[in-house]
Amino acid sequence: MLRIVTPPATYPVTLEEAKAQLRVTDSGNDTIISVLIPAATKLCQSLVQRVFVLQTLEWVLPCWRAALELPIAPVLADQVASIKYVDWTTETQATLDPSAYLVQTKGESVQIVPKFGTCWPPLFARSPEPVVIRFDAGYEDPADLPGNVKVAILLMLRHLYTMGEASLTLTSETVFGVGQQQFSVPANLATLIPDAVRNLMLDEVW
């Protein structure tokens, strides 16, 4: 389980940028747009297993692994704050001494292994949270984000904002002397923007 301890203070897209993308000039929908910005950001993040803005996370594990490879990026070696575990003998949570393990950079993520010649301490695995690793992930400076990220977030934001406003798959028109005509559009129309966002994110060089 991966959970947020301290959420990001900002997002890659500002309210002003979002409103410009949506062509909204008044402030009547500022609240809903402000809610959709993090939603669109998280949808884009989920496509590439990354977080775009610096935040504090905790990864909860049911047991030790030979190498603890953090499931999200980017993470620097010095951004691993602590490793807590439930001790087998006392059945209470303890903090593992940083001198007992190595944090190795692996691309933009890290893996954690015991010091050479040692092993992980005995673990009381029946506890609800046997191992908890706290670390910081994300880009400290939004300017370091790949160029496609903001474009993808803005496209996803437009998709979320316009959902439900009108039927995306069927329109009708009343023609004098003929009656009502219905026009069907391609069934994949509703997925065009999400597919474009997915391609933007997956085509980026991470």
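All values reported here derive from a predicted model rather than from experimental measurement. What you see below is based on every heavy atom in this structure, not just the backbone, and it leaves out hydrogens, waters and symmetry mates.
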[X]: side chain to side chain donor-acceptor pair (under 3.5 Å) partners, not counting sequence neighbours:
X: Thr92; answer: Thr90
X: Ser27; answer: none
X: Ser99; answer: Asp97

Distance check, rounded to the nearest 0.5 Å: [X] atom [atom1] versus [Y] atom [atom2]?
X: Asp26; Y: Asn29; atom1: CG; atom2: CG; value: 6.5 Å
X: Gln79; Y: Arg134; atom1: CD; atom2: CZ; value: 14.0 Å
X: Ser46; Y: Met201; atom1: OG; atom2: CE; value: 9.0 Å
X: Ile37; Y: Leu154; atom1: CD1; atom2: CG; value: 8.5 Å

Please tell me whether [X] and [Y] are part of a single hydrophobic cluster in this structure, the criterion being side-chain heavy atoms less than 4.5 Å apart.
X: Leu61; Y: Ile4; value: yes
X: Leu70; Y: Tyr139; value: no
X: Leu76; Y: Val103; value: no
X: Val24; Y: Met156; value: yes
X: Ile153; Y: Val151; value: yes

What pair of heavy atoms forms the shortest contact from [X] to [Y], and how long is it?
X: Cys63; Y: Leu123; answer: CA-CD2, 3.7 Å
X: Ala125; Y: Pro62; answer: CB-O, 4.0 Å
X: Gln49; Y: Pro71; answer: NE2-O, 3.3 Å
X: Val5; Y: Leu57; answer: CG2-C, 4.1 Å
X: Ala67; Y: Gln111; answer: CB-OE1, 4.0 Å
X: Thr118; Y: Ala100; answer: OG1-O, 4.1 Å

Kindly state each residue pair satisfying ring pair (Phe, Tyr, Trp, His ring centres under 6.0 Å) with at least one member in residues 55-82, sequence neighbours excluded.
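Of all non-adjacent pairs touching residues 55-82, those that pass ring pair (Phe, Tyr, Trp, His ring centres under 6.0 Å) are Trp64-Tyr85, Trp64-Trp120.
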Enclosure of Lys115 NZ (heavy-atom neighbours >12, cutoff 6.0 Å):
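Yes.
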Assess whether side-chain contact (heavy atoms from CB on, under 4.5 Å) is satisfied between Val149 and Cys44, documenting all intermediate values.
CA-CA 8 Å; Val149 169; Cys44 292; over 6 Å; no
Hydrophobic cluster partners of [X] (side-chain heavy atoms under 4.5 Å):
X: Trp88; value: Val86, Phe124
X: Leu54; value: none
X: Val60; value: Met1, Val132
X: Leu102; value: Val113

Test item: Pro194 and His159 side chains (from C-beta on) under 4.5 Å apart, heavy atoms
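Of all side-chain heavy-atom pairs linking His159 with Pro194, at least one is under 4.5 Å.
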Mind checking what makes side chain to side chain contact (heavy atoms under 4.5 Å, CB included) contact with Val51, not counting sequence neighbours?
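Counting only residues at least two positions away or on another chain, Val51 forms a side chain to side chain contact (heavy atoms under 4.5 Å, CB included) with Gln45, Gln55, Ile72, Ala137.
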Can you list everything that forms a side chain to side chain contact (heavy atoms under 4.5 Å, CB included) with Ser34? Sequence neighbours excluded, please.
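Only Leu15 meet the side chain to side chain contact (heavy atoms under 4.5 Å, CB included) criterion with Ser34.
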Check against side-chain contact (heavy atoms from CB on, under 4.5 Å), Phe135 and Ser82:
CA-CA 7 Å; Phe135 61 97; Ser82 66; over 6 Å; no
Pairs meeting criterion side chain to side chain donor-acceptor pair (under 3.5 Å) with involvement of residues 3-15, two or more places apart
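Listed once each, the pairs are Arg3-Glu58, Arg3-Glu129, Thr14-Glu17.
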Leu36 and side-chain contact (heavy atoms from CB on, under 4.5 Å): which single residue from Leu157, Val13, Leu22 fits?
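Per the side-chain contact (heavy atoms from CB on, under 4.5 Å) rule, the option paired with Leu36 is Leu157, out of Leu157, Val13, Leu22.
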If the condition is salt bridge (Lys or Arg N to Asp or Glu O under 4.0 Å), which residues does Lys19 pass it with, not counting sequence neighbours?
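Listed in chain order: Asp30.
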